[in-house]
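Data first, discussion second: the structure below is written as structure tokens.
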Amino acid sequence: MKVKFYENVSDELLKFAVIVSKSEGRWVFCRHKERETYEVPGGCREKEESILQAAERELREETGALQFHMRPICVYSVTGKKPLLIAEVQRRLQKM
């Protein structure tokens with residue numbers, strides 16, 4: 001698997017939005033209707049949409065979110081197979 005992060009990317013080159021979100025302090029996952037897996041909200045942009053508009057639409061459609069604040073974190077690409085893992089941390093270092 002190869003993950004690449006990008007500094008500056010023109011909005012029109014971005015085709016897919018992934019939204020990592022929390023509601024009431026809990027991470028939000030959606031059950032995919034075709035694969036029966038849990039995934040973070042996201043999807044392809046539609047014609048004439050900015051990537052932010054696509055992300056907002058997908059979050060509403062997939063989670064029923066009515067009010068939210070969204071901000072960009074990064075632009076990345078992934079090639080190859082990839083697992084999504086979740087961990088519940090019971091203890092961590094005092095300083096990071």
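None of the values given here were measured: they were computed from a predicted structure.
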Closest non-hydrogen atoms of Phe5 and Cys74, given as atom of the first, atom of the second and distance, are CE2-SG, 3.8 Å

Spell out, yes or no, whether Val78 and Val75 are grouped together once hydrophobic residues are joined by side-chain heavy atoms under 4.5 Å, including indirect joins. no

Under 6.0 Å from the CZ atom of Arg26, do we count more than 12 heavy atoms belonging to anything else shown? no

Treat each ILVMFWY residue as a node, draw an edge where side-chain heavy atoms are under 4.5 Å apart, and state whether Ile19 and Phe68 are in one component. yes

What are the two closest non-hydrogen atoms of Val9 and Leu13, and how far apart are they? CG1-CB, 4.1 Å

Heavy-atom check, side chain of Trp27 versus side chain of Val20, under 4.5 Å: yes

Just so I know, are the side chains of Phe29 and Val40 near enough to count as touching, which here means a heavy-atom distance under 4.5 Å? yes

Exceeds 12 heavy-atom contacts within 6.0 angstrom, atom NZ of Lys15: yes

Tyr38 atom OH, neighbour heavy-atom count above 12 within 6.0 Å: no

Indicate if Val3 and Ile73 have the same hydrophobic cluster label, given that clusters are the connected sets of ILVMFWY residues with side-chain heavy-atom separations under 4.5 angstrom. no

Looking at every heavy atom in both Ile51 and Arg45, which two are closest together, and how far apart are they? N-NH2, 3.4 Å

Tyr76 atom OH, neighbour heavy-atom count above 12 within 6.0 Å: no

Does Lys4, at its NZ atom, have more than 12 non-hydrogen atoms belonging to other residues, nucleotides or ligands within less than 6.0 Å? no

Any side-chain heavy-atom pair of Asp11 and Gln53 under 4.5 Å: no

Heavy-atom side-chain proximity of Pro41 to Glu58 below 4.5 angstrom: no

